[in-house]
Structure formats: C-alpha cells, structure tokens
Number of protein chains: 2
Amino acid sequence: MPYTYQYPHPALTVDGVVFGFDDADLKLLLIQRALDPFQGKWALPGGFVRIEEGLEQAARRELAEETGITRLYLEQLFTFGDPKRDPRERVVSVAYYALVKLAAHRVRAASDARHAAWFPVADLPALAFDHAAIVELAFQRLKTKVRYEPIGFELLPEKFALSELQRLYEVILAQPIDKRNFRKKILSMGLLQDTDEIQQDVTHRAARLYRFEPRRYEQLKRKGLNFEL
Amino acid sequence: MPYTYQYPHPALTVDGVVFGFDDADLKLLLIQRALDPFQGKWALPGGFVRIEEGLEQAARRELAEETGITRLYLEQLFTFGDPKRDPRERVVSVAYYALVKLAAHRVRAASDARHAAWFPVADLPALAFDHAAIVELAFQRLKTKVRYEPIGFELLPEKFALSELQRLYEVILAQPIDKRNFRKKILSMGLLQDTDEIQQDVTHRAARLYRFEPRRYEQLKRKGLNFEL
DNA sequence: TCAAAAGTGTTAACCATACACCCATGC
DNA sequence: GCATGGGTGTATGGTTAACACTTTTGA
C-alpha cells in the first residue's frame, strides 16, 4: 500500500546517543547493523518515526525495542539533515541523547540479540552514516550541560558516594577536581539526602551513600538557586 | 507528478524565529498567512524543505524569500513534531532562531508585499499553529545563551555605544544592570574595539562607538576566556 | 600494620557588588 | 544654564582555589 504525495518528502528517523557510566569511564551504547547500508558496522540505535507518533515517543520506542532500556533521561539534541547523510535516500534524523543508570542495564543490553554493546566513549569503533558527528555533538552537550544542570545523577545509581560523583565529573569534564572543594560545594547546595547507608563490599573504609533529591532541586531552583560546577 | 513511498512520510518544514532590537525593545518578525489554514493570522516565516537542500539552507532560503533578510545569525533551535500540530497532515518542523541587525532591515521587512512586520516580543498577536510555543522556547534560549556567548552583538549595528549594549542586555534579561560594573566587565574582556567615532545626531553628549571583534573572541576563547555575564 | 580511600578547615586571592559624582554636549 | 546621558574609582563581602593531615576499615 503505497503512500503518495504531491511533493517529495524526506524520510524521518530518530537516533539515540545513550550514555552510561560505570565508575571507570563513560560508555556509549551502540548496535551492530543487521542490514545494508553499513551492514555489520556499529551505529546509534534508532529508526523511522511512525506517522502518528511524537518524536520523543519514537525515540523512546526505538530505544526500548533495540536495547531494552525503558527508563532514561532523554533530551532532544539536534536534527541532522544533510541531503547526503544517507546513501539511499534523503533521511532527516532527529537525534536525542540519553543518560542511563548503567549498573541497572549492563547485562541486558550487552547480551541483547540485536548486538547491542557498551563502548568507552574515548575508544569508539567506526560508526555508520554521520553518527560519529552526532556522538561528538552529544558529548559536547553533555560536557556543557553537566556543569549547570544536575543531570549527572542520571548516570549514577540511586544511592552513590561523593567520590563516585566526583569521578563522574572528572571523567566528563576531563579535569581533576579538588576533593574538599567539591564536597563543600555539592553538599552546600542541599540537593543531596544522606541515606544513612554506606558502601558494601568495598576493600577499604566504606563511604556514606547519598541520594539526589529532584524535588528539593525544583524547590530551590524556584528560590533562585542555580546549580553550577 | 506524485511521489510515492512504501510507508507514510511526514512533511518537513523549517520555521524561523527572527529577533531584532531597536534600542527600545526586542522585536520579532512575523508574516501574515495568505492561505488556509490560519489564513490572515500571523505566523513565523518558514516553509517546506526541498528534497535536495540542507535544513539550514532551507531556513535561509525561506527567510530570504519571505522577508528579504539575507545576513543573519542563525542557529537551530528545536524540532517540533507533535502529530497534531498541523491540522492538515503530519508536519514536522525544524525551528531556527535568528538575530538580525534591525536597523539595516527595518524598512524592507515592514513594507514587504508578503505582509511581514516587526512586533514587540512582549506584545505579540495570536499566532498560527504551535508558533507561540516555538517563540517561547526561542526567547528562553536567547535569554540563556546571551549570558555565555557574545551573540548580543548580532542584534546591534556594527558600531554601537556601551549604553546601547547595556540596554540590550537589560531588555533581554529583564533586569537592570549597574552601569559601572557592566562597563568594567565588558571592556575588561578585550572583545571590543574602540572605533574612535562617536554617536551622531544625539541631543546630548555623544558616546564612544565600539565594534565587536569576533576574531579576537576566537583567539581569547582558545586561551581559556569564557564570556559570561 | 599497612594500604586505600574517607573525611575534614583554614587562608589568601580574586571577583562581584554596591554606590555617587563630575563631564561634555545640545538646546 | 539646564537637562540628558557619558564616563569614572573604591571599598566591602562573598566566593573560589589552594593546600595536608587524620580516620576508618579490610586484608
């Protein structure tokens, strides 16, 4: 059943740049393409937008279908529309970037039948289409956004130690941070709730675990707080 | 000559949110729709993306065709794809926002045959489609971006007085700024070149005119400067 | 008892803020 | 000579940045 239009319409897709963090480094979720073009190459998860669904909805659906991930922070990144970015036909793609709590998704995605796997952002394989450029832009965005919005927490487990948070920032910003100053600043914002729990299974003194309180953040933001690192 | 696809494709458009500044307030360029839907209503300039052209290219072409404006700062804003945003069919629109030196474009746009006109941002007419939401987002973006990137200059004439620049910031940020601190800060960044000229036709002491030096900014940025207000 | 990371305070430099008066010019 | 905006300096308080040692725990 063909669909006919008076003028040519480009195809519309969504692609997702999914970041995870496992306290050594920042990871990116890729899938191996089963079909041409770029068969066998690694690519961003994504696919065609259905005619009756919203863009973000499409992005969430594709990520769920291809990687099994359903709970994530998702934000529109940029729309890529170079006429030659797909060798088959004109395809415009709305790219999203996503942050997930990797610990909860590690096994699932890695063992997925569609050949999904996590790669260190610093060491990615060659990517299909213009996906390298999309990843690059997403990483830039993450770098800048993490400094003035509390989105880093989306990459950590529910409960985390301050040193884990610090390492996250050090990895993303690619610069060392003074421990004392970091703690002072982050704690003084009043966004973290002490859980009264401590790390388990560590081979040294266990650290206190904290929880990020989004509602507290919304309250304080309204009173003029601005998160900044 | 119809175009046929195996699956339905949404239509793809670009829309432009064009800001101008005339030292009293911030203005927005709108055009009056000649056709249904929303005939006679004011709307953002924009139109369909041609099959062989890039997105930004399409945005520039539409702005040139509908408003005569060709030299402007243009940046992709967001892609709007709610399935019901256009009553006719599914239309996904890539929105751009643009900053123009209004003084150079005032007459042209206002007298244009396509009924283009500048409206104060604070007092806009009802807009077609979801254009009010697009404008809202663009204004938000302008507000935040103007604080950490030197894009305000795109709204001013080539040569401008510091008080004009200050008023621009006061209007966009909707808050008063201390004159001495503003001057100290902006001049200390070393981005402005004194033109050795002064205002003409003013009814009081004429102010020095400055020029923003984009190349100087690029140099200093590489050395770690970050513009911030 | 040693290794590894947790946790904690103080000082100095810098930057942001607040604030008021004189100057040049056109009418 | 007066009205209008142009142009300038300083003092204070708050914030950031630099820096080192003690504590806890498991192996």
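Below, chain A is the first sequence line, B the second, and so on; all start at residue 1.
- Counting non-hydrogen atoms under 4.0 angstrom, A:R183 reaches a base of the nucleic acid.
- Partners of A:S93 according to the side-chain contact (heavy atoms from CB on, under 4.5 Å) rule, which considers only residues two or more places apart in sequence or in another chain, are A:T13, A:D15, A:R85.
- Between the P atom of D:dG7 and the CG atom of B:L192 lies a distance of 13 Å, rounded to the nearest Å.
- Counting only residues at least two apart or in different chains, side chain to side chain donor-acceptor pair (under 3.5 Å) contacts with residues 198-211 of chain A comprise A:D194-A:R208.
- By the neighbour-count criterion of 12 heavy atoms within 6.0 Å, atom CZ of A:R147 is sparsely surrounded, having that number or fewer from other residues, nucleotides or ligands.
- Listed by first then second residue, pairs satisfying side chain to side chain donor-acceptor pair (under 3.5 Å) with a partner in residues 178-189 of chain A read A:D178-A:N181, A:N181-A:K184, not counting sequence neighbours.
- Applying the ring-ring contact (aromatic ring centres under 6.0 Å, His included) criterion to B:F119, with sequence neighbours excluded, gives B:W42.
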List, with names and distances, any nitrogen or oxygen atoms from the protein found under 3.5 Å away from nitrogen or oxygen atoms belonging to nucleotides 25-27 of chain C.
| unit_1 | atom_1 | unit_2 | atom_2 | d |
| --- | --- | --- | --- | --- |
| C:dG26 | O4' | B:T203 | O | 3.4 |

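- Using a cut-off of 4.0 Å between Lys/Arg side-chain N and Asp/Glu carboxylate O, B:E218 and B:R215 are scored as not salt-bridged.
- Rounded to whole Å, atom P of D:dG26 lies 12 Å from atom CD of A:Q199.
- Side-chain nitrogen and oxygen atoms of B:S163 include at least one within less than 4.0 Å of the OP1 or OP2 phosphate oxygen of D:dG6.
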Contact pattern, 5' to 3', of nucleotides 11-20 of chain D - B, S or - by protein heavy atom under 4.0 Å: -----SBBBB
